[in-house]
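Here is how names work: the chains are called A, B, and so on, in the same order as the sequence lines, proteins then strands, and each is numbered from 1.
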Amino acid sequence: MPELPEVEVVRSGLERHVVGARITRVDVLHERSVRRHAAGATAFAEALAGRTVVAARRRGKYLWLPLDDARRGDAILAHLGMSGQLLVQPVTARPERHLRVRLTLESADGAATELRFVDQRTFGGLSLSPGGAELPTEIAHIARDPLDPEFDEAYVIGRIRRSASGIKRLLLTQTVLSGVGNIYADEALWRARIHGGRRGDRLRATDLRALLGHVRDVLGDALRQGGTSFDALYVNVNGQSGYFDRSLHAYGRVDEPCARCGTPIRRVAFMNRSSYFCPACQRPPRA
DNA sequence: CAAACTACCTGACTGC
DNA sequence: TGCAGTCAGGTAGTTT
């Protein structure tokens with residue numbers, strides 16, 4: 001399940017293997033994967049043909065690939081959703097089961113490869129952002145992520161302390177800070193010994209500073225290990241799985257002993273998904 | 001305006 | 001063996 005570390009692994013792979021390549025052909029095999037491109041699949045394919053990828057950027061879980069011709073200043077915008085993958089493959093490789101969009105590329109030395117968007121659950125997708133080379137307007141509302149050099153911790157703490165929502169819900173709100181999903185939210189809260197149901201406006205600034213430090217650490221740790229992978233749905237740009245799941249302390253560990261105190265990890269329903277926490281280390285707020 | 005809820009999607013898995 | 005039900009969860013859009 002791609003969160004920020006996984007998306008960053010993909011971005012750096014694209015930077016290495018796709019920047020500088022020219023798009024010679026686009027095949028949209030599943031309309032839903034380009035649904036964010038309002039003009040439709042045919043227009044998407046026609047607009048990309050002949051263009052050259054000049055960079056690979058990221059904010060939170062969004063990726064974009066600015067294209068040549070600075071006057072146009074457009075970019076391919078991508079989100080992996082739940083199960084999306086971007087794979088660089090030789091043209092001879094068999095089509096993947098859930099191959100949705102295929103970009104045929106010609107690198108500077110004339111070699112042909114393919115950038116393939118593969119996505120089982122089709123929550124992800126590609127689109128063309130007309131003026132989005134610097135920051136696509138479609139994601140202007142997405143806050144900076146904790147690994148961004150210009151991440152404004154004081155601003156984020158201020159936002160949290162003015163909200164009556166639970167802290168886990170706030171960590172998942174991409175307009176407050178971006179890049180954190182269910183897995184890393186649970187891990188950071190476990191590290192900080194804070195229960196996800198505690199209200200933002202009832203947390204001390206010092207505790208929030210520590211929590212955001214843990215968020216940064218857990219994202220950084222996962223990034224150094226190449227991202228998390230649970231079910232082979234996520235693989236990086238060359239098809240390699242991450243292995244951070246072995247280092248998780250809370251997420252997915254229901255009934256297993258807490259690594260700090262031995263109390264069994266609990267699982268509770270939360271926003272149509274699950275939250276995992278240690279009921280001893282992370283004291284729930286009064287109802 | 002903030003906060004909370006729902007639709008979207010496929011495949012692995014569980015229980016009868 | 002088959003089949004219905006559950007679960008995984010990020011985001012946009014809708015409702016409260």
In whole angstrom, what separates A/K168's NZ from C/dG10's C1'?
13 Å
Quick one: label A/R159 by what it contacts on the DNA or RNA (base, sugar-phosphate, nothing), any heavy atom closer than 4.0 Å.
nothing
Output the rounded distance in Å from CG (A/L171) to P (C/dT11).
14 Å
Distance below 4.0 Å between A/R32 side-chain N/O and B/dC9 OP1 or OP2:
yes
What is the distance from CG of A/L172 to C1' of B/dC5, rounded to the nearest Å?
15 Å
Just checking A/R35: base, sugar-phosphate only, or nothing, at a heavy-atom cut-off of under 4.0 Å?
nothing
Which residue lies toward the 5' end of DNA chain B, A/R97 or A/L170, if each is placed at its nearest nucleotide?
A/L170
What's the CD1-P distance between A/I183 and C/dA8, to the nearest Å?
11 Å
Nearest-Å distance for atom pair CE/P, residues A/M271 and B/dC5
9 Å
Below 4.0 angstrom from OP1 or OP2 of B/dT10, is there any side-chain N or O of A/H98?
no
Under 4.0 Å from OP1 or OP2 of C/dG10: is there any side-chain N or O of A/Y184 that close?
no
Comparing A/R273 and A/G166 on DNA chain B - which has the more 5′ nearest nucleotide:
A/G166
For A/K61 and C/dA12, give me the distance from atom NZ to atom P, rounded to whole Å.
11 Å
For the residue pair A/P146 and A/L177, establish whether any side-chain heavy-atom pair is separated by less than 4.5 Å.
yes
Over all strands shown, is A/R36 touching base, sugar-phosphate only, or nothing at heavy-atom distances under 4.0 angstrom?
sugar-phosphate
Would you call A/L212 and A/V156 a side-chain contact if the rule is heavy atoms closer than 4.5 Å?
yes
Pick base, sugar-phosphate or nothing for A/F270, based on heavy-atom distances below 4.0 Å to the nucleic acid.
nothing
Flag the pair A/R102 / A/V26 as yes when at least one side-chain heavy-atom distance between them is below 4.5 Å, and no otherwise.
no
N/O (side chain, A/S83) to phosphate O (OP1/OP2, B/dC9) under 4.0 Å
no
Identify which nucleotide among C/dA8, C/dG10, B/dT10 has an atom closest to any side-chain atom of A/Q120, counting heavy atoms from C-beta outward.
B/dT10
Against the side chain of A/R100, the closest entry in C/dG10, B/dC9, B/dT10 is B/dT10
Which nucleotide in the set B/dC5, B/dG11, C/dA8 lies at the smallest distance from any side-chain heavy atom of A/R169?
B/dC5
So, is A/Q174 near the phosphate of C/dT11, with a side-chain N or O under 4.0 Å from OP1 or OP2?
yes
Using a 4.0 Å heavy-atom cut-off, does A/N272 contact any base of the nucleic acid, only the sugar-phosphate backbone, or nothing at all?
base
Cut-off 3.5 Å, side chains only: do A/T52 and A/R22 have a donor facing an acceptor?
no
A/M82 has an atom CE; how far is it from atom P of C/dG10, in whole Å?
7 Å
When you look at A/E8 and A/R58, which way does the salt bridge (charged side-chain N to carboxylate O under 4.0 Å, His left out) test go after all the steps?
CA-CA 7 Å; A/E8 175 56 25; A/R58 180 188 59 73; 2.7 Å; yes
Which nucleotide sits closest to the side chain of A/Y62: B/dT10, C/dT11, B/dA4?
C/dT11
For A/D119 and C/dA8, give me the distance from atom CG to atom P, rounded to whole Å.
19 Å
Reckon A/S163 has a side-chain N or O less than 4.0 Å from the OP1 or OP2 of B/dA2?
no
Select base, sugar-phosphate, or nothing to describe what A/H141 touches, counting heavy atoms under 4.0 Å on all strands.
sugar-phosphate
In the structure I gave you, are the side-chain heavy atoms of A/L223 and A/L147 within less than 4.5 Å of one another anywhere?
yes
